[in-house]
Amino acid sequence: MTTQIAHFIAGQHTTGGSNRTQDVTNPASGKVTGKVVLAAAADVDAAVAAAQAAFPKWADTPPIRRARVMFKFLELLNLHKDELAHMITAEHGKVFTDAQGEVSRGIDIVEFACGIPHLLKGDFTDQVSTGIDNWTLRQPLGVVAGITPFNFPVMVPMWMFPVAIAAGNTFVLKPSPTDPTPSLRMAELLKEAGLPDGVFNVVQGDKAAVDALLEHPDVKAVSFVGSTPIANYIYETGARNGKRVQALGGAKNHMVVMPDADIDQTVDALIGAGYGSAGERCMAISVAVLVGDVADKIIPKLVERTKTLKVLDGENLAAEMGPIVTRAAHERITGYIAQGEKEGAKLLVDGRQFDGNQAGAGCGDGFWMGGTLFDHVTPEMRIYKEEIFGPVLSCVRVANFKDAIDLVNDHEFGNGVSCFTRDGNVAREFSRRIQVGMVGINVPIPVPMAWHGFGGWKRSLFGDMHAYGEEGVRFYTKQKSIMQRWPESIGKGAEFVMPTAK
């Protein structure tokens, strides 16, 4: 049985005016479970119009009252977090415990957004000049939009809309059509929390919906997470249409392993960060940079752990990795593995050999793959240069610490990086000299907490501000400076020179 999945506009579920649909599939079984309606431009117009109509009253709502809605939403999220996690597993395929972690990290952002009265405080200076005071305040932009990927259908939208809404904006979310159901459940919970109709809207769709948002004159800002080519397109198109844009792109995250690293801890970190969520994370470790003689110590243990990875239906609590999200993604990853072999990398573990029937009952037709491990990968190979977005870990051997730093810094992406070492000076130098936005020292996936903000460097980020945290508040607001004096302090006569402090 398939269900129809559509939009949420002005506080109501609606199928809109489009007759285009896309299948929604359970990756574990390969079965179609729903059909998502793909919006036409008119549906986007309706969502933006609802958000525009709701904006004036919501922007004038005192921040403390907006925060109370967020607090209620937070309460409801905690009550329904397992429900959301099951939705993620059913449509994305990631294991249930990982889906629970995704929801929890999204909840962190909501907790941060509950502090919006403090976060919106401005600055005040008394007597900047005789009889004149100066202060700043932050005001919302208006209608803002979020365009989010399949790999985190709950967490990534919550990088955006809680901060945007708490700051007084209204929001239109365009989630991935691959796993669209959680977006509607979040919309329902926001309404139950007391959010006025039209403040948060969901438009399902593909490129047609994206382009309609990018071109709509009433959309003031766009947030995006996805691949680098699309991030570049979003940034250029949005900026050309006069919008504020933050577009987070792709990654090729390295873990530098120094000779003094704890081998067992490092193997645990590489297995979890490389194969967790089937490698379908923008912060997944996809390259192990093995320094000096550490490769000969760590490779045999990596081979053993990769071969014994528990690849199971995501609803099985023993699972360490679930299926690939779609058949097309499975074919793309398979192609990269073949390319790696062709280019001369040494294939130590071949995930293409995994039989889905081993994953559980009814999984024979799912999009299954085991962990794949390459050794002797070089920077000229496509499996090193390009983002595979799958359970493929490439090992690159380098002679020393300097070569490791140079290798990472020469890559076009600069999203996340990690270094495993016991040496404090190495850790300090690594943190200072690496040209990457998010750095972990003995932390394999250094995703910043809610109050710090997420974002990479180089071709991993288009725009000037990171997601969530205080930069998120700045992105979704504009600063206004006010200078004020009263008639009694104004001297007589016109002044024709640049005003100065007197």
Side-chain angles (χ1 to χ4, degrees), residues 101 105 108-109 112 151-152 155-156 159 225 228 231 246-262 265-274 276-277 279 281-292 294 298 379 384-385 387 389 393-396 398 400-472:
R105 287 304 297 263
D108 288 348
I109 312 296
F112 172 77
N151 59 327
F152 288 100
M155 183 183 74
V156 170
W159 285 1
V225 175
T228 284
Q246 58 176 192
L248 282 66
K252 197 71 177 179
N253 304 313
H254 300 68
M255 180 191 289
V256 174
V257 184
M258 297 300 294
D260 69 335
D262 183 293
Q265 288 180 356
T266 304
V267 170
D268 285 343
L270 282 169
I271 292 295
S277 199
R281 296 170 173 157
C282 66
M283 288 293 283
I285 294 294
S286 54
V287 180
V289 183
L290 307 178
V291 180
V294 77
I298 204 169
Y384 174 77
K385 292 190 291 186
E387 184 177 37
F389 221 64
L393 180 61
S394 298
C395 295
V396 180
V398 299
N400 53 52
F401 181 60
K402 180 182 182 302
D403 289 348
I405 293 283
D406 291 344
L407 180 79
V408 177
N409 287 348
D410 285 344
H411 206 285
E412 67 170 320
F413 296 125
N415 204 50
V417 70
S418 181
C419 179
F420 270 59
T421 182
R422 287 187 173 97
D423 189 316
N425 186 63
V426 165
R428 182 176 187 274
E429 286 299 298
F430 183 85
S431 300
R432 293 185 67 246
R433 301 195 183 282
I434 211 72
Q435 295 172 17
V436 175
M438 292 170 282
V439 181
I441 303 299
N442 301 315
V443 175
I445 302 182
V447 177
M449 296 305 292
W451 48 95
H452 282 291
F454 182 104
W457 287 10
K458 297 186 279 191
R459 287 181 60 78
S460 294
L461 175 67
F462 297 84
D464 301 317
M465 297 184 193
H466 291 185
Y468 64 84
E470 291 189 7
E471 286 215 1

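- Under the salt bridge (Lys or Arg N to Asp or Glu O under 4.0 Å) criterion, K458 pairs with no residue at all, not counting sequence neighbours.
- Under the rule for a ring-ring contact (aromatic ring centres under 6.0 Å, His included), F152 has no partner lying at least two apart in sequence or in another chain.
- The side chain to side chain contact (heavy atoms under 4.5 Å, CB included) check on D260 picks up M258, T421, R422, D423, with sequence neighbours excluded.
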Would you give me the side-chain donor-acceptor pairs under 3.5 Å for residues 449-456, sequence neighbours excluded?
none

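- Partners of H466 under the ring-ring contact (aromatic ring centres under 6.0 Å, His included) rule, at least two apart in sequence or in another chain, do not exist in this structure.
- Remark: F430 pairs with no residue by the ring-ring contact (aromatic ring centres under 6.0 Å, His included) rule, at least two apart or across chains.
- When each of M255, H254, Q435, R433 is tested with V408 by the rule side chain to side chain contact (heavy atoms under 4.5 Å, CB included), just one qualifies, namely H254.
- Evaluation of the side chain to side chain contact (heavy atoms under 4.5 Å, CB included) rule for T228 yields F413, R459, F462 as partners, not counting sequence neighbours.
- A 6.0 Å sphere centred on CD of E429 holds more than 12 heavy atoms belonging to other residues, nucleotides or ligands.
- Contact between L393 and A288 at its shortest, heavy atoms only, is CD1-N, 4.1 Å.
- Side-chain contact between D262 and F420 is absent, with no heavy atoms from C-beta onward closer than 4.5 Å.
- Between A467 and W159, the shortest heavy-atom contact is CB-CE3, 4.2 Å.
- Annotation for E387 and G250: closest pair OE1-CA, 3.4 Å, computed over non-hydrogen atoms.
- Side-chain atoms of C282 and N415, non-hydrogen and from C-beta on, do get closer than 4.5 Å to each other.
- Residues P379 and H411 fail the side-chain proximity criterion, which asks for heavy atoms closer than 4.5 Å.
- In this structure a side-chain-to-backbone donor-acceptor pair under 3.5 Å is missing from S394 to V287.
- Under the 3.5 Å distance criterion, the side-chain polar atoms of S460 are left unmatched by any main-chain donor or acceptor of A251.
- A 4.5 Å side-chain heavy-atom check between D403 and L407 finds every atom pair outside the cut-off.
- Applying the side chain to side chain contact (heavy atoms under 4.5 Å, CB included) test to V294 and every residue at least two apart in sequence or in another chain returns V257, I263, L290.
- Residues forming a salt bridge (Lys or Arg N to Asp or Glu O under 4.0 Å) with D464 (at least two apart in sequence, or on another chain): none.
- Evaluation of the side-chain hydrogen bond (donor to acceptor under 3.5 Å, both in side chains) rule for N409 yields no partner, not counting sequence neighbours.
- Qualifying ring-ring contact (aromatic ring centres under 6.0 Å, His included) partners for F389, counting only residues two or more places apart in sequence or in other chains: F150.
- In terms of the side chain to side chain contact (heavy atoms under 4.5 Å, CB included) criterion, residue partners of K402 (sequence neighbours excluded) are, by chain and number, N400, D406.
- When every heavy atom of P444 is checked against every heavy atom of A273, the shortest pair comes out as CB-CB, 3.8 Å.
- For the pair L270/I298, a side-chain contact is recorded, criterion being any heavy-atom separation below 4.5 Å from C-beta on.
- Residues I441 and S431 are in side-chain contact: their nearest non-hydrogen atoms beyond the backbone lie under 4.5 Å apart.
- Interatomic distance, CZ of R281 versus OG of S286, reported as 12.5 Å (0.5 Å rounding).
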